[in-house]
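First the structure, in the form of structure tokens, and then the observations on it.
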Amino acid sequence: MSLTIRATDRKYVTAIVIEAAGQDISADTIQMCLGSWHLPGDWQTPLIVPIARGSLKARLLVGPGGGVVYPVGDYYPWVRIIDSPEDESVLIEEKVSII
């Protein structure tokens, strides 16, 4: 799947985060960014929307006027879950194109 965003628009890039069995992510720090296939970009604090017990939506606002502004190009969303001392970053396999 892919998402296309005009450089002049503001849109949310959304990732669903589901905790593993026996884990509790409710107090963890969630960060999100757009980066390359191999490396994340600069981490941002997304809007967190609880869905159900053990799962949430992380929503990163992208674009001018309140969102994170990215240059024209192709990116991949990354989600980072920080539960000190553990720190896990996950690539979301959905291309985001800024045109």
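What you see below is based on every heavy atom in this structure, not just the backbone, and it leaves out hydrogens, waters and symmetry mates.
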### Chi angles and distances behind the side chain to side chain contact (heavy atoms under 4.5 Å, CB included) call for Ile81, Val17
CA-CA 9 Å; Ile81 303 166; Val17 179; 3.8 Å; yes
Does one hydrophobic cluster hold both [X] and [Y], with members joined at side-chain heavy-atom distances below 4.5 Å?
X: Val62; Y: Leu47; result: no
X: Leu3; Y: Val79; result: yes
X: Ile30; Y: Trp43; result: no
X: Met32; Y: Ile48; result: yes

#### Entry: Qualifying residues under ring-ring contact (aromatic ring centres under 6.0 Å, His included), relative to Tyr12, sequence neighbours excluded
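Tyr12 satisfies ring-ring contact (aromatic ring centres under 6.0 Å, His included) with no residue once adjacent residues are dropped.
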### Pairs involving residues 71-99, ordered by first then second residue, that meet ring pair (Phe, Tyr, Trp, His ring centres under 6.0 Å) (sequence neighbours left out)
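Qualifying pairs, neighbours excluded: Trp37-Tyr76, Tyr70-Tyr75.
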Which atoms form the tightest heavy-atom contact between [X] and [Y], and what is the distance?
X: Leu34; Y: Pro77; answer: CD2-CA, 3.7 Å
X: Val49; Y: Arg59; answer: CG2-CD, 3.9 Å
X: Pro46; Y: Ala58; answer: CG-CB, 4.0 Å
X: Ser55; Y: Ile18; answer: CB-CG1, 3.9 Å
X: Leu60; Y: Cys33; answer: CD2-CA, 3.9 Å
X: Glu19; Y: Asp24; answer: OE1-CA, 3.6 Å

Can I get a per-line list of side-chain donor-acceptor pairs under 3.5 Å for residues 87-99, giving both atom names and the distance, sequence neighbours left out?
{"unit_1": "Asp87", "atom_1": "OD1", "unit_2": "Arg80", "atom_2": "NE", "d": "3.1"}
{"unit_1": "Asp87", "atom_1": "OD2", "unit_2": "Arg80", "atom_2": "NE", "d": "3.2"}
{"unit_1": "Asp87", "atom_1": "OD2", "unit_2": "Arg80", "atom_2": "NH2", "d": "2.7"}
{"unit_1": "Ser97", "atom_1": "OG", "unit_2": "Asp74", "atom_2": "OD1", "d": "2.7"}

### Reported CG-to-CG distance for the pair Asp28 and Asp83, which is rounded to 0.5 angstrom
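Taking CG in Asp28 and CG in Asp83, the distance rounds to 4.0 Å.
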### Query
Out of curiosity, Leu56 CG to Ile25 CD1, how far, rounded to the nearest 0.5 Å?
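One finds 4.5 Å between CG of Leu56 and CD1 of Ile25.
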#### Entry: Expected output: side-chain Gln31 to main-chain Thr45 donor-acceptor under 3.5 Å
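Pair absent, no side-chain N/O of Gln31 close to backbone of Thr45.
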